[in-house]
S.K.: 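So that we are looking at the same thing, I have put the structure below in structure tokens.
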Amino acid sequence: MNTLRFAWALCSTALQESASRRVAFLLQASFMALNNVLFFSTWWLLFARFDEIRGYRLPDMLALFGISAAGFGLGVALCGGALDLARAIADGELDALLAQPKSVLLRAVASRSQASGWGDLVSGCVMLWLSGYDHYAAMALAVLLSVVGFVASWAALSSAAFWVGRMDGVIRPLIDFVITFTTYPPTLFGFRLKLVLFTLLPAGIIAYLPVELIRDPGLHTLLPAVGAVAAYALFASWLFGRGLRRYESGSRFGVMG
Amino acid sequence: MTALALTFEPSRAKYWAVALIALRHRSQARAALPLRALFYVLLLLIFSRIWSAVVPNAGDYVWYLAVADWVTLVQPRLFESIQRDVRSGDLACLLGRPISYLGSKLAEAFGELIPNIVVLGLVGALTAYTLAGGLPREPVGLFAALLLGLLASVLWQLANALIGLSSFWLDDCTPLYWLWQKAAFVLGGLFVPLALYPGWLQTLAGWSPFSAMIAGPASMVLRFDLELFVLLVAKLGASIVLAWHLLQFTYRRALRAIEVGGG
């Protein structure tokens, strides 16, 4: 309970910091929402010509893209530091967090907020609404699972920096791969690629399982979705903890906000 | 400082030197290009699956996508580099050098562009050949696509520089880039050929420079038409001249904005 309260305090501080620059905040959020609408228009054009693509129709695509956009958006709005974690590890920027009583991972990821994330969240929610699926509790849970999945995947991939050092030039594109894959129907991929998408680049855990929860709500979709995200989040936390033991100080003097 | 804006001399050897340094720097950043190439292969794989699910002979579409994605993926993010200089204050030091800031930034971008064009071009051609099961319907169109792609890259970088210069006034020009990029994707027919768009959108795309930048080179592999090729060269050429003058004008205004601010 204490950890949850602490996480909420961190998030709200990051949000206040982000919203304090109002013009930049509004500009980034609105342009990102417009950006998503423009990007999704490709799918609208495709589905205007073809009713179905490998079992996916326009409402399914809207639900998948909506989950991905909303999950990513809320993830970077609440835990914006996660995207920059690999560089922070390699640069020795965790020094200031090590002496603190709370979780280093939580502090590292929740200490920053990206304003554009709110644009993603809003456009994602609009797409979910447009999808026509009407199980709103399932939608809310699916977005929540996607947020946890995204942040866990960024933490897990970034933890590689504990072992390999400065690799943010590699880790960031891998993170982008995950984001990209969450916006394409899983039915396009064969078994081998799906294996990668449920392990190394966990787009399947972040988006494909949660979207099934919306398409076909029930215990048979709820249990795999919750189980996979919980297991992956625990794995990411464990990996970060193992990596932290190898962490080498950047000998930095600084104050964490 | 205003005088510096007016002394951009593209013929000077120093700009070639900057481009060469950027090219060497790019070849030393070993992970970046292979990862971009991997992303390119994955995109082609995904869209070849999509097209093979909806049309009987998807080979032509794969080649279309290979060229369209090649044009967009080879582009360095020049606006980020300019924005970084403006935000960090490095610009103050860079403006004092005996070389035009804008010219050196463009030279740097073109230096990065060359290895991208070569490597991703080869990767794209090999992947498309494998996925499509052979050469495109009009193999001669590949040469036309290459030339149009080079012109499109020049225009893309000039537009990128313009977006980068907007950071003199905006806190963050990245959202502007997102919009420009996505407009290019949609109006350029990146994932779906323009011929499949509804009429009104085809007209809108035709009026924008994006159709000549992306769909133009890509359509050459579907059907090579000399008349269309010449028209596209003229359209891209005119857009480059227009963008160049707009860039010079904006650059002068940007430098004046610094003087007013006392920077």
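Here is how names work: the chains are called A, B, and so on, in the same order as the sequence lines, proteins then strands, and each is numbered from 1.
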S.K.: With a strict 4.5 Å heavy-atom criterion, list every residue of residues 118-128 of chain B that contacts chain A, or say none.
M.R.: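 Listed by number, there are no contacting residues, so the answer is none.
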S.K.: Just wondering, are more than 12 heavy atoms of other shown residues or ligands nearer than 6.0 Å to CZ in B:Arg223?
M.R.: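 No, because the 6.0 Å sphere around CZ of B:Arg223 holds 12 heavy atoms or fewer from other groups.
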S.K.: Drop me the distance from B:Phe185's CZ to A:Leu38's CG, to the nearest 0.5 angstrom.
M.R.: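 Here the interatomic distance stands at 11.0 Å.
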S.K.: Return the minimal non-hydrogen interatomic distance between A:Leu188 and B:Arg49, and the atom names on each side.
M.R.: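 Looks like O-NH1, 2.5 Å.
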S.K.: Does A:Phe31 have its ring centroid less than 6.0 Å away from the ring centroid of B:Tyr177?
M.R.: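 Centroid separation for A:Phe31 and B:Tyr177: 6.0 Å or greater.
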S.K.: Side chains of A:Arg54 and B:Ser52, heavy atoms from C-beta outward: is any pair under 4.5 Å?
M.R.: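 Result yes, sub-4.5 Å side-chain heavy-atom pair found.
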S.K.: Tell me, for B:Val186 versus chain A, whether the close heavy atoms (under 4.5 Å) come from the side chain, the backbone, both or neither.
M.R.: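 It is the side chain, since no backbone atom gets that close.
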S.K.: Below 4.5 Å from any heavy atom of chain B, which atoms of A:Trp44 appear? Answer side chain, backbone, both or neither.
M.R.: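 For A:Trp44, there is no contact with chain B at all, as no heavy atom is under 4.5 Å.
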S.K.: Can you tell me how far CG of B:Leu170 sits from CD of A:Gln28, rounded to the nearest 0.5 angstrom?
M.R.: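 If we round to the nearest 0.5 Å, A:Gln28:CD and B:Leu170:CG are 10.5 Å apart.
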S.K.: Anything under 30° is parallel, anything over 60° is perpendicular, the rest tilted; go ahead and classify A:Tyr184 against B:Phe47.
M.R.: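 The arrangement is perpendicular - the two ring planes meet at more than 60°.
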S.K.: Would you say B:Tyr129 has more than 12 foreign heavy atoms packed within less than 6.0 Å of its OH?
M.R.: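 No, the 6.0 Å shell around OH holds no more than 12 heavy atoms from other groups.
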S.K.: Chain B heavy atoms under 4.5 Å from A:Ser41: which part of the residue, side chain, backbone, both or neither?
M.R.: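 For A:Ser41, side-chain heavy atoms alone lie under 4.5 Å from chain B.
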S.K.: So with a 6.0 Å cut-off around CZ of B:Arg253, is the heavy-atom count from everything else above 12?
M.R.: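 Not buried by this count: 12 neighbours or fewer within 6.0 Å.
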S.K.: When you look at B:Leu45 and A:Leu193, which way does the side-chain contact (heavy atoms from CB on, under 4.5 Å) test go after all the steps?
M.R.: CA-CA 11 Å; B:Leu45 190 70; A:Leu193 196 49; 4.2 Å; yes
S.K.: Between B:Leu43 and chain A, with a heavy-atom cut-off of 4.5 Å, which part of the residue counts as in contact: side chain, backbone, both or neither?
M.R.: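 The side chain, not the backbone.
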S.K.: Sort out for me which of B:Ile50, B:Leu38, B:Val192 touches chain A most, counting heavy-atom pairs under 4.5 Å.
M.R.: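 With the most close heavy-atom pairs to chain A, the winner is B:Ile50.
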S.K.: Is the shortest side-chain heavy-atom distance between B:Phe191 and A:Leu45 below 4.5 Å?
M.R.: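 B:Phe191 does not reach A:Leu45 side chain to side chain.
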S.K.: Could you state the interatomic distance from CG (B:Leu42) to CG (A:Leu201), rounded to the nearest 0.5 Å?
M.R.: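 Spacing of CG (B:Leu42) from CG (A:Leu201) equals 8.5 Å.
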S.K.: Heavy-atom distances under 4.5 Å only: say whether B:Trp180 touches chain A with side chain, backbone, both or neither.
M.R.: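 Contact with chain A: none, neither part.
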S.K.: Give, as side chain, backbone, both or neither, the part of A:Thr180 having an atom under 4.5 angstrom from any heavy atom of chain B.
M.R.: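 It is the side chain, since no backbone atom gets that close.
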S.K.: How long is the span from the CG atom in B:Leu179 to the CE atom in A:Met32, to the nearest 0.5 Å?
M.R.: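 Reported to 0.5 Å precision, the distance equals 9.5 Å.
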S.K.: Counting only heavy atoms not in A:Trp129, do more than 12 sit closer than 6.0 Å to its CH2 atom?
M.R.: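 Atom CH2 in A:Trp129 is not packed in, count stays at 12 or less.
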S.K.: Measuring from atom CH2 of B:Trp178 to atom CZ of A:Phe39, what distance do you get when rounded to the nearest 0.5 angstrom?
M.R.: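 Rounded to the nearest 0.5 Å, the CH2-CZ separation comes out at 14.0 Å.
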S.K.: Working to the nearest 0.5 Å, report the span between CD1 of B:Ile46 and CZ of A:Phe189.
M.R.: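 Nearest 0.5 Å value for the CD1-CZ distance: 4.0 Å.
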